[in-house]
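The sequence lines fix the lettering, A, B, ..., with proteins before strands; numbering per chain opens at 1.
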Protein chains: 4
Amino acid sequence: MSTPNEQRRSERSRRAILDAALELCRERGLAKMTVEEIAKRAGVGKQTIYRWWGSKAAVLQEALNERVNSTIDFPYTGDLRADLHTQMSRVAEAFGSEEFAPYTGLIAAAQEDPEVAASLREHMIEPRVRACEERLRRGQEEGQIRKDFDIDTLVEILYGPLYYRLLLHTRPPSLKQVSEILDIAFSGLSPDPGRPEAGKPDPDKPEYGRAGGADGA
Amino acid sequence: MSTPNEQRRSERSRRAILDAALELCRERGLAKMTVEEIAKRAGVGKQTIYRWWGSKAAVLQEALNERVNSTIDFPYTGDLRADLHTQMSRVAEAFGSEEFAPYTGLIAAAQEDPEVAASLREHMIEPRVRACEERLRRGQEEGQIRKDFDIDTLVEILYGPLYYRLLLHTRPPSLKQVSEILDIAFSGLSPDPGRPEAGKPDPDKPEYGRAGGADGA
Amino acid sequence: MSTPNEQRRSERSRRAILDAALELCRERGLAKMTVEEIAKRAGVGKQTIYRWWGSKAAVLQEALNERVNSTIDFPYTGDLRADLHTQMSRVAEAFGSEEFAPYTGLIAAAQEDPEVAASLREHMIEPRVRACEERLRRGQEEGQIRKDFDIDTLVEILYGPLYYRLLLHTRPPSLKQVSEILDIAFSGLSPDPGRPEAGKPDPDKPEYGRAGGADGA
Amino acid sequence: MSTPNEQRRSERSRRAILDAALELCRERGLAKMTVEEIAKRAGVGKQTIYRWWGSKAAVLQEALNERVNSTIDFPYTGDLRADLHTQMSRVAEAFGSEEFAPYTGLIAAAQEDPEVAASLREHMIEPRVRACEERLRRGQEEGQIRKDFDIDTLVEILYGPLYYRLLLHTRPPSLKQVSEILDIAFSGLSPDPGRPEAGKPDPDKPEYGRAGGADGA
DNA sequence: TTGTAATCGAGACGGTACGTCCGGTCTTTGT
DNA sequence: ACAAAGACCGGACGTACCGTCTCGATTACAA
């Protein structure tokens with residue numbers, strides 16, 4: 001079976017479907033949108049969707065791919081820490097934006113559907129991870145960071161906290177968080193007697209255990 | 001309106017429902033199980049589920065709560081880093097286990113349902129975060145780590161990478177990852193000329209960019 | 001099994017149930033009312049209804065019994081045809097009234113439930129048929145009608161047309177119909193050259209075949 | 001809104017639904033059959049039933065329509081009374097048959113649903129009433145019956161007694177009843193001194209008031 | 001007068017069916 | 001020859017009632 005003749009495919013329908021899918025996903029989220037709605041809004045038969053995609057998640061995946069290819073590239077100014085700050089800030093900002101619902105929806109779908117998970121990894125995660133790794137490796141070669149750490153794990157340490165906030169909805173990822181991540185990552189936790197003992201209050205910080213109900217839904 | 005008379009509630013049915021829900025979730029995941037199935041397997045009317053819970057996610061949430069309350073507590077041996085290693089290893093192991101599907105299912109559901117998100121935070125995340133924070137604060141007071149970092153962000157740096165692997169399905173969380181996280185977090189990335197430049201191979205590490213499609217689900 | 005102790009029965013509840021049932025039946029018909037509604041409106045537990053009656057139809061049956069016992073009796077003036085006219089007019093009027101829905105509802109229920117049918121016959125039909133038969137027999141003995149017809153069939157000829165209109169909803173039973181029934185029944189259809197050929201217009205008469213759709217529902 | 005595109009309708013499904021409905025109605029009656037059963041037996045989605053009919057009664061109505069169109073026609077031999085006897089006997093026989101449950105079920109449903117009532121009248125009652133009226137009018141013109149009676153009322157007098165037995169379940173309509181109806185209707189009740197005073201026993205006749213339980217459900 | 005036993009209001013329970021919605025497939029129609 | 005349109009089967013949704021089953025709290029009888 002597999003896919004029909006790619007050549008006869010209607011680009012017009014493809015575009016309308018991707019646009020409608022993205023639109024709907026932003027309106028009510030991946031789980032609450034239906035293939036039927038996409039079809040209706042795109043002015044397309046349902047079969048046309050099922051012919052070319054396996055699920056609404058696959059449609060959304062393709063729709064997202066097109067819009068975000070630009071954000072892959074990593075800056076290079078020579079200062080690794082500054083470049084990381086630039087890039088991570090961009091990510092934190094994106095994660096905090098309302099427009100980002102489709103991405104979290106996709107990650108949610110990936111939890112229950114290995115195909116989505118694979119596609120997500122391949123198209124969204126890995127290219128960005130690779131870009132980050134390359135920048136890190138270059139910095140390493142330039143002696144800006146130590147060489148005895150695993151680059152992959154390092155990427156996870158830098159971006160994991162952003163995903164943590166994004167997906168557990170504790171508080172929105174923020175620029176402040178990015179700075180703190182870099183602070184800790186670069187300086188390390190081990191005590192350094194020569195350093196000042198800063199105790200600045202933190203507006204990001206939720207206060208677990210006090211008036212807990214307020215941070216609901 | 002709200003809930004009916006709690007006193008007349010049948011504990012027998014409640015148990016059967018929670019058990020059935022957990023069982024089904026492990027069999028096919030939260031998204032693919034239905035309220036009807038839970039009811040049938042529990043030998044219960046659907047209305048009995050709808051009477052006491054708002055959704056299948058809420059049932060699962062309650063079912064999970066009961067089983068994991070024991071894992072909150074943090075060890076205290078006096079050595080903060082060792083205690084973190086102990087606890088994070090436990091988490092990494094749990095995250096890797098097959099039995100953990102219900103938890104990721106719940107996180108997925110939280111992406112599209114604020115009520116689930118709130119409940120997840122309140123019952124699963126916050127108690128553990130609090131426990132970790134307390135341990136960290138104690139270590140801080142004992143001078144084992146620096147005092148000028150935000151504790152919340154620190155928690156995110158430690159656990160974020162585990163969630164990253166759990167939810168993005170790049171590779172399973174592992175004990176090795178835990179060690180590396182602690183290495184980086186404690187030592188910091190900044191170069192230290194006195195240290196050896198270890199280059200040990202890493203079995204966890206996927207090789208992005210080579211035969212990338214092969215690691216798909 | 002059967003019924004519980006009749007002596008301890010609460011007359012208060014019995015009354016409230018019968019009243020509520022009749023009220024509800026008039027509001028929305030037997031089929032669309034529920035035991036739950038009766039119980040709620042009567043301020044009574046559902047069990048109290050199920051304890052004493054087998055179905056909502058049985059409740060309604062009993063409720064109706066109480067209200068209509070007065071209409072059984074047949075007048076006796078000496079003029080059979082006049083007495084029939086009096087009684088049948090009363091019936092036609094009752095059948096036409098809006099308050100009569102419970103009765104048709106009961107007949108409807110009887111079509112699918114033999115118990116209701118038996119109860120209906122026993123409590124509502126037979127006593128009235130017997131009364132009518134007695135009056136007819138007396139008239140027969142007095143020589144006011146011929147003796148060579150079956151009394152039962154005669155009753156059916158007199159009242160059947162009223163039930164016909166009541167149950168098939170072609171047009172409401174009317175006094176005019178009663179007069180015509182008696183005319184035909186007493187005179188007979190066979191031509192009598194000596195009689196006048198009346199051709200009075202009939203306001204009751206629907207005109208089948210012309211603009212038929214207009215008389216719908 | 002209303003009905004979808006009639007042209008795309010599947011005749012296959014329509015047939016299966018009507019057949020299943022009639023079958024089920026004969027098995028357990030209109031009230032005790034469910035839309036779900038019809039769907040299952042017809043191998044059809046429930047939605048396909050709800051798409052084209054408003055209720056199970058509507059389905060049954062359409063199913064019955066197709067089977068009974070043949071019985072409308074009235075015989076014409078020149079002898080009105082004989083023709084009436086022929087036709088009414090056919091009806092009496094049909095009313096007595098077990099296969100007739102769907103019809104009584106429909107009449108029952110009509111008591112609580114004006115749409116069913118209208119449909120019943122339009123499709124089942126009126127065509128037959130019209131056919132009978134025409135035959136009667138012709139007989140009237142031929143001088144076989146008097147001209148000073150209302151034809152509609154006459155139809156009710158002839159058929160009302162059959163419906164009476166059918167719906168009140170006193171005793172089954174019978175050929176004997178038909179003969180007696182015609183006897184009374186044609187001869188009239190008024191005494192005729194020249195006639196014999198027949199007193200033949202009647203097997204149809206129930207004996208109200210004696211051992212009444214025997215005719216119970 | 002006080003137990004004792006049954007009925008009572010209340011309503012949770014295991015179920016059945018409702019009528020709606022959507023997922024995926026199959027058929028018809030128009031271009 | 002495509003696709004659009006959309007009807008189709010299947011089956012889960014959440015709701016409404018069914019008739020049964022506890023629960024105390026009356027209530028009426030017997031002791």
From C-beta outward on D:Arg51, which listed nucleotide comes closest to its side chain: F:dT20, E:dT25, F:dC8? F:dC8

Run the side-chain hydrogen bond (donor to acceptor under 3.5 Å, both in side chains) test against A:Glu112 and tell me which residues pass, sequence neighbours left out. none

Are the side chains of B:Met33 and B:Ile38 in touch, meaning some heavy atoms are under 4.5 Å apart? yes

Who pairs with B:Glu6 by salt bridge (charged side-chain N to carboxylate O under 4.0 Å, His left out), at least two apart in sequence or on another chain? B:Arg9

Sequence-distant partners of C:Lys46, salt bridge (charged side-chain N to carboxylate O under 4.0 Å, His left out), two or more places apart: C:Glu36

Going through the checks in order, is the side-chain contact (heavy atoms from CB on, under 4.5 Å) test met by A:Leu18 and A:Trp53? CA-CA 11 Å; A:Leu18 295 180; A:Trp53 293 275; 3.8 Å; yes

Please check the phosphate of [N] (OP1 and OP2 only) for any side-chain N or O of [X] closer than 4.0 Å.
X	N	answer
B:Trp52	E:dC13	yes
B:Thr48	E:dG14	yes
D:Ser13	F:dA7	no

State whether the number of non-hydrogen atoms from other residues, nucleotides or ligands found under 6.0 Å of C:Arg12 atom CZ is greater than 12. no

For DNA chain E, the dot-bracket pattern of Watson-Crick and G-U pairs whose distances stay under 3.5 Å, | for other-strand partners: |||||||||||||||||||||||||||||||

Find the distance D:Glu11:CD to E:dT28:C1' and express it as a whole number of Å. 15 Å

On DNA chain E, nearest-nucleotide positions of A:Lys56 versus C:Ile17: which is more 5'? C:Ile17

Residues of residues 23-46 of chain D with any non-hydrogen atom less than 4.0 angstrom from an atom of DNA chain E: list those, numerically ordered, please. D:Thr34, D:Val35, D:Glu36, D:Lys46

Given DNA chain F, 5'-ward residue of the pair B:Gln47 and D:Glu6, judged by closest heavy atom: D:Glu6

With the criterion being N/O to N/O and under 3.5 Å, what pairs connect the protein with nucleotides 24-31 of chain F, and how long is each?
none

